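As structure tokens, the structure follows; a few thoughts come after it.
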Amino acid sequence: QVQLVESGGGLVQPGGSLRLSCAASGSILSINAVGWYRQAPGKQRELVATFTSGGDTNYADSVKGRFTISRDNAKNTVYLQMNSLKPEDTAVYYCNAGVETERYRNLEVWGQGTLVAVSS
């Protein structure tokens, strides 16, 4: 009934940029906190960036100053602008959101993931 779909991943050279999008669909009244996570093979999923409904943002130290999380509530979409990409940024990126529905005040939903590969 509620789903998140990521897009924008792909292969990019070190120093390049990508913009990831995460679109929410379904019976959504509003979106609360949102976040981006990533997971590389053999590693645990880690937090990349978060954005609360109040406008507060938080970034992992490894991406601070290079990545920017933003959101468009009218489109129920969250973005991750990634600049100055490094090979260590290579991972599957997942979006996460707490959504308000007719039934729930904060239903946590995960996307399917989009692959970002940074290589020369």
Side-chain angles (χ1 to χ4, degrees):
Q1 57 182 19
V2 177
Q3 61 179 344
L4 305 178
V5 179
E6 300 97 338
S7 63
L11 176 64
V12 63
Q13 293 185 333
S17 298
L18 284 175
R19 188 196 193 202
L20 306 183
S21 298
C22 174
S25 62
S27 300
I28 300 171
L29 299 179
S30 64
I31 300 178
N32 301 310
V34 300
W36 284 96
Y37 296 75
R38 66 186 182 186
Q39 186 170 25
K43 298 182 179 179
Q44 294 187 356
R45 188 171 300 185
E46 63 177 347
L47 174 67
V48 176
T50 59
F51 198 140
T52 70
S53 60
D56 296 322
T57 59
N58 184 62
Y59 298 91
D61 289 340
S62 59
V63 307
K64 193 172 184 178
R66 300 187 297 118
F67 291 10
T68 302
I69 186 172
S70 62
R71 57 191 293 175
D72 187 337
N73 290 332
K75 297 181 178 180
N76 287 334
T77 301
V78 58
Y79 304 95
L80 184 67
Q81 178 66 47
M82 305 184 295
N83 299 325
S84 302
L85 283 162
K86 304 175 180 179
E88 50 263 45
D89 295 320
T90 297
V92 176
Y93 284 71
Y94 300 87
C95 63
N96 171 267
V99 301
E100 180 186 6
T101 70
E102 297 91 336
R103 298 172 61 88
Y104 301 97
R105 294 175 58 192
N106 191 59
L107 177 65
E108 187 171 306
V109 184
W110 287 89
Q112 298 297 313
T114 185
L115 175 64
V116 173
V118 185
S119 176
S120 60

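Only a predicted model underlies this, so the values are computations on that prediction, with no experimental measurement involved.
Within the 4.5 Å cutoff, no side-chain heavy atoms of Thr68 are placed close to those of Tyr79. Taking the side chain as every heavy atom from C-beta outward, Leu18 and Phe67 never approach each other to under 4.5 Å. Phe51 places none of its side-chain heavy atoms less than 4.5 Å from the side chain of Val78.
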Can you give me every donor-acceptor pair (side chain of residues 87-95, partner residue at least two apart or in another chain, under 3.5 Å) with its distance?
unit_1: Asp89; atom_1: OD1; unit_2: Arg38; atom_2: NH1; d: 3.0
unit_1: Asp89; atom_1: OD1; unit_2: Arg66; atom_2: NH2; d: 3.0
unit_1: Asp89; atom_1: OD2; unit_2: Arg66; atom_2: NH1; d: 2.8
unit_1: Asp89; atom_1: OD2; unit_2: Arg66; atom_2: NH2; d: 3.4
unit_1: Asp89; atom_1: OD2; unit_2: Lys86; atom_2: N; d: 2.8
unit_1: Thr90; atom_1: OG1; unit_2: Pro87; atom_2: O; d: 2.9
unit_1: Thr90; atom_1: OG1; unit_2: Val118; atom_2: N; d: 2.9
unit_1: Thr90; atom_1: OG1; unit_2: Val118; atom_2: O; d: 3.4
unit_1: Tyr93; atom_1: OH; unit_2: Arg38; atom_2: NH1; d: 2.9
unit_1: Tyr93; atom_1: OH; unit_2: Asp89; atom_2: O; d: 2.6

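With rounding to the nearest 0.5 angstrom, the CG atom of Leu29 is 12.5 Å from the CZ atom of Arg105. Taken to the nearest 0.5 Å, the OG atom of Ser62 stands 9.5 Å off from the CG atom of Leu47. Atom OH of residue Tyr104 and atom CD of residue Gln1 lie 7.0 Å apart, to the nearest 0.5 angstrom. Residue Arg71 holds its CZ atom at 7.5 Å from OG1 of Thr52, rounded to the nearest 0.5 Å. Between the CD1 atom in Ile28 and the CD atom in Glu102 there is a gap of 9.5 Å [rounded to 0.5 Å].
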For side chain to side chain contact (heavy atoms under 4.5 Å, CB included), just list the numbers for Thr50 and Ile69, CA-CA rounded to whole Å, side-chain angles, deciding distance to a tenth of an Å, and then say yes or no.
-> CA-CA 7 Å; Thr50 59; Ile69 186 172; 5.5 Å; no

Checking side chain to side chain contact (heavy atoms under 4.5 Å, CB included) for the pair Leu20/Met82: CA distance, chi angles, key distance, verdict?
-> CA-CA 8 Å; Leu20 306 183; Met82 305 184 295; 3.7 Å; yes

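The cluster map of Ile, Leu, Val, Met, Phe, Trp and Tyr, joined by side-chain heavy atoms under 4.5 Å apart, puts Ile31 and Val5 in different clusters.
For Ser25, the side chain to side chain contact (heavy atoms under 4.5 Å, CB included) test picks out Gln3, with sequence neighbours left out. Every side chain to side chain contact (heavy atoms under 4.5 Å, CB included) that Val109 has, sequence neighbours left out, goes to Val2, Leu4, Val99, Leu107.
Ser30 and Glu100 share a donor-acceptor pair across their side chains, judged by distance under 3.5 Å alone. For the residue pair Asn32 / Ser53, no side-chain donor-acceptor distance below 3.5 Å is found, with atom types taken as modelled.
Annotation: Gln39, atom CD; neighbour count of heavy atoms from other residues, nucleotides and ligands within 6.0 Å is above 12.
In plain terms, the two heavy atoms of Ala97 and Val34 that are nearest each other are CB-CG1, 3.9 Å. Across Ala49 and Leu80, no two heavy atoms sit closer than the pair CB-CD1, 4.3 Å.
Side-chain atoms of Gln112 do not come within 3.5 Å of backbone N or O of Glu6 as any donor-acceptor pair.
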